[in-house]
Structure formats: C-alpha cells, structure tokens
Participant: 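Before anything else, here's the structure in question.
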Amino acid sequence: MRSHTCGELRAKDIGSEVLLSGWVANRRDHGPVRFVDLRDRYGIIQLIAEQDASPAGMEGLNGLHPEDVIQVRGTVRRRAAGQHNAERPTGEVEVMVAAVEKISAAVRLPFEIADYIDVPEEMRLRFRYLDMRRSPLQERMKLRTQANHAFRCALVAEGFYEIETPMLTRSTPEGARDYLVPSRMRLGSWYALPQSPQLFKQLSMVGGMDKYFQIARCMRDEDLRADRQPEFTQLDMEMSFVDEEDVFALVERVMSAVYLAINGQALALPLQRMSFTESVRRFATDKPDLRNPLEVVDLASEGCHLGFSLFNDVLHKGGWVRGIRVPGGGSLSRKQIDSIETAAKDAGAGGAAWCKVAEEGPSGPLSRFLKVAEGETPIDCPVKIGGLSRGGADFLKALEALPGDLVVTIADAPRRALTALDAVRNKAGQLMDFIQGPDRLLWITEFPLFEETEAGGYHPAHHPFTCPVMEDLPALLAGEKASIRSRAYDLVLNGVELGSGSVRIHDRDLQKTIFAAIGLSEEVANERFSFLLEAFRYGVPPHAGFAIGLDRLYALLFGADTIRDVIAFPKTATASCPLTGAPSVVDDHQMEELGLSQRTPAPLNEA
RNA sequence: GGGGAAGUAGCGCAAUUGGUUAGCGUACCAGCCUGUCGAGCUGGUGGUUGCGGGUUCGAGUCCCGUCUUCCUCGCCA
C-alpha cells in the first residue's frame, strides 16, 4: 500500500514516482494550488496539487478532512527556491499528486492532532489512539522499545533466560491487595493476578535456570499516585550462586547499557552506595535525591537549651528536633518561606519553625529563642552572627549556619518529622533551584528486615524471603526485631525508588524462623508457601535478585512528568480506563457460571 | 479511608457585588485566494455552565450533596 513512508523522502528521491499512505495532518487551500500534509509514524510529507499541472490531483485533494486516511500516487519534486521547510527532514521535497484514494474518512475530532495543543489528560486517555498520533507519545513508545531491547540484549548476552511466569496464580495475602479472578472450574476458588513473579523466579532458581529475567507485568490493587499504576511493568531478575555484590555489578552493567542506548552515554560505575540508616539520618528518606545538597541536622542536644517549650515537649515525649540549613536561603521571600512551612504541614507536621541568619542577628519566628536576653552580652560568635545567646550560638553552630542562610526546623514525633523534613528539603531545594545537574543513581543498602505496624507488631519491610544480615542473626533469634538489618537493597534515581531486591533465604530453618518472627504460624506458612518450602527440600542454590520499575525509570529517562506518559494505555487514579470503560458490570450469565451474585456498582462516568 | 485543587461550546479560557440574549480565541463547516507549511481573509454552526437539590424576584456566580479528573497522606510485603 506504499512505496515509501511519509518521513523518508529526500532530495535523492526527486523524480521518483511514489505511492504514499497516511493521515491528513493539515490542508492549505490557495485556490488554484492546494497543499496537504500527509503524516504517518515516520514523519510528514507535503503533498501539492496545481490546477493547471494536475487537475486530477487537485480534485483528489478536494474535500479532505483532518485525519482522513488516504492513499496518494504522485511524483517527488524539489520545492521551489526559498520554499524549503528546514524544520522537517522531508522539507526539501514535495509530492506532486496524480491520484488520491480516500481509504477511511474521519469525523470531527475531540481535539486537534498537534503537539502545541494543550489537551486535558482525561481527554487524552479517553481518546488515547488520537493522543498517540502526536509526537510525544510516538517518541516515548519508540524510546520504550529501544530501552526494552537494550535490557533484553544486555541480559541475554549475560546468559539470562527469559522465562514467562503465570498471570493466573495463587493469592498471597501478605503485602499489597490482590486482584482476584474467580475460577469457573472450581467454584468458590480464586486465582490472583501476580503482584510480582517473586515466588516463580525463586522456583526457577531451584529449577537450575541459574539466571532468570522477565519484563513482567505486576498488579496491585492499591490506591494510586502519579508514579503508581494498578498494573505496571518490572524488569525482574534472579541469579543463583551470587551475593549482593554480583547483583549490584549486574544491575549496574545492565542499567549502563540502557543509558548508553537512550542517552548515548554509559554510567560512571560503580554507583554510589549508602546504608538505609545513613540515608534516613542525612536526608530523612530512604530514597534521597542527591542532586539536592541540603542535609538534615539532629538538634536534640542543642534544641533543649533554648527555652522553647515546643522543642522541650517534643523531646520529652521521645520526638525529634531536626533542622535543615538552606545556604543563601535568607534571600527567600516571606511567601516562599511560607510555602516551605505549608509543605511541612501538608506532610503532617504541626509546622516548621524557621529563622533567617544575618550578621546583625537572626530574624523570623525561631529567632527569639536564639537571641540573648535584653541587657546581657551577646556571645562572640566566630562566624559573626550578632545578638546570640549561648544556646542560640550552639544551635546555629550545630547547623553550621552562616549569615545569609535560612534555617528551618521540625519538631514532631519521629515518623511525622521524617516526612516533614523530607518535604522541607525538597521544597527548599526547589525554591533555591538547587535540584539540577546530572542524574544521581545510588544504592541504598541494609534496609531493616522488619517494619513496625500500626498495631505495634512487625511485618517484613521487603518480603518474607529476604535474608537477614548474618551478624544480626543472634539478636533476631533472641527476639529482637526493630534493629535487625536485611540483605535488601534499593536503586534510587533522583529521589525516585527505581527498584529493589535482596539476597533470598535458601535455608528452610531460617525461613521458618522468619515466618515465626512475623507471626505467621507454621500451619499458615505451610499452607500458603508449602510449594516453596517443599521445593527448598530438594536442593536450593543460594540466590538473589532485583526488579526495576520500568515505568518509573522510563518516565525519568524520557523526561515525562508522570508514568502515565510512558505507558501506552494507562489507567486513572481510580484504576479505571476512560477508553474502554473498565472496570464494568458483566452479564448475569457470566456471574451465574462463576457462582457469584451481582452487586449494584457505584456510578462511574455519569457526569 | 483522610486532605487539597479543578470542572463554562470539540479544545483553551472570560463573564465586576448575585442582574440584559453566557463572551473571546482556536478547531470545525462554507466561500474567496498561486507557494503555504500552527497559511491568510470573509461568513457560519456550535452551550441542560459536570449532575442533583436549596436560598433568591433573579444563580455560571452563594449554600448542601454527588460524580469525574489531578495532587497528596494513609496504603503500596
């Protein structure tokens, strides 16, 4: 149906007779001369017809509508001098139309197919196939293909097998909520859609596959975010007879191959590493954006000498007083500083006490607790900040504050303080325009094995097959939970958690210990994971793995604002698909076959 | 489950304190035009102001509810 695509004609093709197919991107009718831009995935070519030279072509280009699909026969010719379009690869030539066949007519579109048109996202998702005709999605689907290809090539070259694991599998109630699928063959029983291929990849290791990977779809029935979809894609990997060093090295090589394919530049290896504990202490998060230079300072020992009742109360209750010094932040406006405080409040903190630091002394809400009492002699401060009390000087010294800086402090219960400090660090970094420069990839290592639940119990921070750090094993056996470290690790890029992995447990007794530690009885553990525990009886290699969230990686790598922009057919925040209307009610007879009863659904899209 | 923002022609936006027949741009349709390429000019079509209720002589505007979308906390082993 075509001799060439719309994007490939060049000066060398001048004189050729061509057959082209594509969409009508634009029409420009000048009476006796008529232009049509014909578009396909490969580009845009200008068609032309002239009343005198090509009456048949003139007739054919008549009455076309935007996005009609047409087929055109014509001759490539050089554009007149001064009429070249330098912005298009095909801009040196045009096709003199001899005949046009309208293949498929298009009705009026819900939005124009043009990159410069701002279309609401709901509309873009409802008509995703039209959004796809625009270059941003065209480009991202191309890059996604190239990146996936680079991953596959790199892993196959490393000796990995690509193994497809089941989509219909067994529910494991730990962790995220499962998507469930009713069984017709065995009424009352359910499959679950996989949250990850975790157990199957471990079983593949028991099966001697040695190196496994899969570009795997994972489903989790949890509330969504800008960087979370109900189904998402992971590059899932597992290796036998390896430890974390082997995994780091492998993932680094593979990531570097993708950077080379997409950015044209390999990564500087090895990547930086930081323990979970250090990351939380310095950056108030387990996924720090290292492009942001701001760091958190613990002010517990200085904050209690200021006579600030809030600080004293919080510290007395076991809370945190921590602060962030913003170099040069004294230049921020009151409105900007308020927005930092708002960020802290939005993160759940009561507020943020701040002051600006200057040679003549501190100013702002926190300053009165730092200043010397009237009539007393200010401390002679080595960095020339006037008017300070002894406690105030020590406080600012701990922060290493200098004249011209802004100091923001958070005093709250540890958990809330942590999220608030993270928010303050991000907001202040943005306002100061600190967050720039090259991508910062790093490993976060030695995650805690357990996390405290709201009920006061413990559950695995990663998953129950993660191996503890051997040093901590005696403490674990003695009943300790909170301080036990695991051999789990995350890969973080510019403050985004790209993926995580761990060295797995390959010892049945240790596995049973962990199950017991998280309150999973032997019966329940046996019932849910009997197949894994059984497999471990038949000779299991030590193994470890990793999974990279490809949607998140690609959003960053391709410069997209959300992961929806790198996914062909994404869902909305309510996990619905505006295009197909999923989820939907099903026929009564389908329900009957499955032994289910229908419930009246909540209204959707009735507006 | 909690908090926040938004919703007015296909699309982007406006509409003074609650006050005329809800406007502008763009797209679309028609006509004109020999070189455009986000063409230009002239004219035209296009509205249950998300939906429901309330207050009022009068509601796009105020109040209540609801739906949708986005952001966010919880949640996401």
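The chains referred to below are lettered A, B, ... by the order of the sequence lines, with proteins before strands, and numbering in each begins at 1.
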Participant: Which residue lies toward the 5' end of RNA chain B, A:E451 or A:D227, if each is placed at its nearest nucleotide?
Facilitator: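 Comparing both residues, the 5'-ward one is A:D227.
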
Participant: Heavy-atom nearest nucleotide on RNA chain B for A:R228 versus A:G82: which residue maps closer to 5'?
Facilitator: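 Residue closer to the 5' terminus by nearest nucleotide: A:G82.
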
Participant: What is the nucleic acid contact for A:T466, judged by heavy atoms within less than 4.0 Å: base, sugar-phosphate only, or nothing?
Facilitator: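 Counting heavy atoms under 4.0 Å across all strands, no contact is made by A:T466.
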
Participant: So A:R34, base contact, sugar-phosphate only, or nothing? Heavy-atom distance under 4.0 Å.
Facilitator: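 No contact.
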
Participant: Give A:D29 one of three labels, base, sugar-phosphate or nothing, depending on what nucleic acid heavy atoms sit under 4.0 Å from its own.
Facilitator: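 The residue A:D29 makes base contact.
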
Participant: Checking all strands, does A:L125 fall into the base, sugar-phosphate, or nothing category for heavy-atom contacts under 4.0 angstrom?
Facilitator: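 It contacts nothing in the nucleic acid.
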
Participant: What contact category does A:Q195 fall into here, base, sugar-phosphate, or nothing, at under 4.0 angstrom with non-hydrogen atoms?
Facilitator: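 The answer is nothing, as A:Q195 stays clear of every strand by at least 4.0 Å.
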
Participant: Using the P atom as the reference point in each nucleotide, state the distance between B:rC64 and B:rG4 in Å, no decimals.
Facilitator: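 Straight-line distance between the two P atoms is 12 Å.
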
Participant: Could you measure between the two C1' atoms, the one in B:rU55 and the one in B:rC71, and give it in whole Å?
Facilitator: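 Roughly 33 Å separates the two C1' atoms.
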
Participant: Answer with base, sugar-phosphate or nothing: what part of the nucleic acid does A:P460 contact at a heavy-atom distance below 4.0 Å?
Facilitator: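 Since only primed, P, OP1 and OP2 atoms lie under 4.0 Å of A:P460, the category is sugar-phosphate.
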
Participant: Under a 4.0 Å threshold between the charged nitrogen and the carboxylate oxygen, would A:R220 count as salt-bridged to A:E231?
Facilitator: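 Between A:R220 and A:E231 there is no salt bridge, as every charged N stays at least 4.0 Å from the carboxylate O atoms.
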
Participant: For A:R39, is there an ion pair with A:E67 - N to carboxylate O distance below 4.0 angstrom?
Facilitator: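 Salt bridge flag = yes for A:R39 with A:E67.
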
Participant: So which of residues 421-430 of chain A are in contact with RNA chain B, with a heavy-atom cut-off of under 4.0 Å?
Facilitator: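 Contacting residues: none.
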
Participant: A:Y212: which residues meet the side-chain hydrogen bond (donor to acceptor under 3.5 Å, both in side chains) condition with it, sequence neighbours left out?
Facilitator: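 side-chain hydrogen bond (donor to acceptor under 3.5 Å, both in side chains) list for A:Y212, sorted by chain: A:Q214, A:D236.
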
Participant: How is A:H30 classified with respect to the nucleic acid when contacts are heavy atoms under 4.0 Å: base, sugar-phosphate, or nothing?
Facilitator: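 A:H30: base contact, heavy atoms under 4.0 Å.
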
Participant: Can you check whether A:S576 has a side-chain N or O nearer than 4.0 Å to OP1 or OP2 of B:rU69?
Facilitator: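 Result: yes.
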
Participant: Can a salt bridge be assigned to the pair A:R528 and A:E522 using a cut-off of 4.0 Å between side-chain N and carboxylate O?
Facilitator: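 Looking at A:R528 and A:E522, the cut-off is not met.
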
Participant: Can you check whether A:F35 and A:H30 have ring centres sitting under 6.0 Å from each other?
Facilitator: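 Distance test on ring centres: under 6.0 Å, yes.
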
Participant: Give a yes or no answer on whether the side chain of A:K102 reaches the backbone of A:L64 with a donor-acceptor pair at less than 3.5 Å.
Facilitator: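 Looks like no, no N/O pair under 3.5 Å.
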
Participant: Quick one: label A:R126 by what it contacts on the DNA or RNA (base, sugar-phosphate, nothing), any heavy atom closer than 4.0 Å.
Facilitator: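 Answer is nothing: A:R126 stays at 4.0 Å or more from every strand.
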
Participant: Determine the interatomic distance between P on B:rG19 and the same-named atom on B:rC62; round to the nearest Å.
Facilitator: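 Roughly 11 Å separates the two P atoms.
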
Participant: With a cut-off of less than 4.0 Å, is there a side-chain N or O of A:T419 near OP1 or OP2 of B:rC73?
Facilitator: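 Checking A:T419 against B:rC73: no side-chain N or O falls below 4.0 Å of OP1 or OP2.
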
Participant: Between A:K287 and A:E497, is there a salt bridge with N-O shorter than 4.0 Å?
Facilitator: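 No, this pair does not count.
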
Participant: Using atom CD of A:E122 as one end and atom P of B:rC11 as the other, report the distance to the nearest whole Å.
Facilitator: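 Interatomic distance, CD of A:E122 to P of B:rC11: 10 Å.
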
Participant: Distance check needed: B:rC11 C1' versus A:D131 CG, whole Å only.
Facilitator: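 Going from CG in A:D131 over to C1' in B:rC11 covers 13 Å.
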
Participant: Within a radius of less than 6.0 Å around OH of A:Y191, do more than 12 heavy atoms belonging to other residues, nucleotides or ligands occur?
Facilitator: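 Count not over threshold, so no.
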
Participant: Classify the nucleic acid contact of A:D52 as base, sugar-phosphate or nothing, counting any heavy atom under 4.0 Å across all strands shown.
Facilitator: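 A:D52: base contact, heavy atoms under 4.0 Å.
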
Participant: Starting at CD of A:Q46 and ending at C1' of B:rG35, how long is that distance when rounded to a whole Å?
Facilitator: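 Result: 8 Å.
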
Participant: A:E67 has an atom CD; how far is it from atom P of B:rC28, in whole Å?
Facilitator: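 Roughly 10 Å, once rounded to whole Å.
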
Participant: When both hydrogen-bonding distances must be under 3.5 Å and the geometry is Watson-Crick or G-U wobble, what is B:rU8 paired with, if anything?
Facilitator: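 The answer is none; no pair meets the criterion.
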
Participant: Report yes or no: is the ring centroid of A:F111 under 5.5 Å from the six-membered base ring centroid of B:rC11, with the two planes under 30 degrees?
Facilitator: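 No, A:F111 does not stack on the base of B:rC11.
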
Participant: For B:rC51, which nucleotide is its Watson-Crick or G-U wobble mate, given both distances must be under 3.5 Å?
Facilitator: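 Paired with B:rG65.
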
Participant: Between B:rG12 atom C1' and A:D118 atom CG, what is the distance in whole Å?
Facilitator: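 Taking atom C1' of B:rG12 as the reference, CG of A:D118 is at 7 Å.
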
Participant: Base, sugar-phosphate, or nothing for A:Q229, non-hydrogen atoms under 4.0 angstrom?
Facilitator: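 Nothing, no nucleic acid heavy atom in range.
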
Participant: Do A:S483 and A:E480 have a side chain donor and acceptor closer than 3.5 Å?
Facilitator: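 There is such a pair between these side chains.
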
Participant: Say we look at B:rG1 and B:rA14: how far apart would their P atoms be, to the nearest angstrom?
Facilitator: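 It works out to 33 Å between them.
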
Participant: Taking B:rG31 as the reference, what is the distance to B:rU45 when you measure between their C1' atoms (whole Å, please)?
Facilitator: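 Roughly 15 Å separates the two C1' atoms.
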
Participant: Between A:Q229 and A:D551, do the side chains contain a donor N or O and an acceptor N or O under 3.5 Å apart?
Facilitator: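 Absent: no donor and acceptor within the cut-off.
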
Participant: Considering every strand and a 4.0 Å limit on heavy-atom distances, what is the contact class for A:A176: base, sugar-phosphate, or nothing?
Facilitator: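 Sugar-phosphate: the residue A:A176, judged by heavy atoms under 4.0 Å, touches backbone atoms but no base.
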
Participant: In whole angstroms, how far is the P atom of B:rC76 from the CZ atom of A:F232?
Facilitator: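 Going from A:F232 (CZ) to B:rC76 (P), I get 13 Å.
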
Participant: For nucleotides 24-27 of chain B, tabulate all protein N/O to nucleotide N/O atom pairs closer than 3.5 Å, reporting atom names and distance.
Facilitator:
residue : atom : partner : partner atom : Å
B:rU26  : O2'  : A:E112  : OE2          : 3.4
B:rA27  : O4'  : A:E112  : OE2          : 3.2

Participant: Among B:rC75, B:rC37, B:rC70, which is the nearest nucleotide to the side chain of A:E222?
Facilitator: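 Out of B:rC75, B:rC37, B:rC70, the nucleotide with an atom closest to A:E222's side chain is B:rC75.
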
Participant: For a quick check of understanding: with a heavy-atom distance under 4.0 Å over all strands, which category does A:R88 fall into, base, sugar-phosphate or nothing?
Facilitator: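 Base contact - A:R88 has a heavy atom under 4.0 Å of at least one base atom.
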
Participant: Say we look at B:rG12 and B:rC70: how far apart would their P atoms be, to the nearest angstrom?
Facilitator: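 Comparing P positions in B:rG12 and B:rC70 gives a spacing of 15 Å.
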
Participant: Mind checking if A:E50 touches a base, just sugar-phosphate, or nothing, with heavy atoms under 4.0 Å?
Facilitator: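 It contacts base atoms.
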
Participant: Starting at CZ of A:R124 and ending at P of B:rC70, how long is that distance when rounded to a whole Å?
Facilitator: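 Spelled out: CZ on A:R124 to P on B:rC70 is 11 Å.
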
Participant: To check you understand the geometry: which heavy-atom pair defines the closest contact between A:R79 and A:H84, and what is its length?
Facilitator: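 Heavy atoms of A:R79 and A:H84 come nearest at O-NE2, 3.6 Å.
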
Participant: Looking at B:rU36, I'd like to know if its phosphate oxygens (OP1 or OP2) sit under 4.0 Å from a side-chain N or O belonging to A:Q83.
Facilitator: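 Answer yes for this pair, as a side-chain N or O of A:Q83 is under 4.0 Å from OP1 or OP2.
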
Participant: Tell me which nucleotide, if any, is Watson-Crick or G-U wobble paired with B:rC28 when both distances must be under 3.5 Å.
Facilitator: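 Paired with B:rC28, as far as the under-3.5 Å criterion goes, is B:rG44.
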
Participant: Identify whether any heavy atom of A:R528 sits under 4.0 Å from a base atom; if not, whether one sits that close to sugar-phosphate; answer base, sugar-phosphate or nothing.
Facilitator: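 Answer is nothing: A:R528 stays at 4.0 Å or more from every strand.
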
Participant: Give the rounded distance in Å between these two atoms: CG of A:L224 and P of B:rC73.
Facilitator: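 Taking atom P of B:rC73 as the reference, CG of A:L224 is at 13 Å.
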
Participant: Looking at A:E92 and A:R10, does any basic side-chain N land under 4.0 Å from a carboxylate oxygen?
Facilitator: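 Salt bridge flag = no for A:R10 with A:E92.
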
Participant: Keeping A:S486 on the side-chain end and A:A488 on the backbone end, is there a donor-acceptor pair under 3.5 Å?
Facilitator: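 Pair found, side chain donor or acceptor close to backbone of A:A488.
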
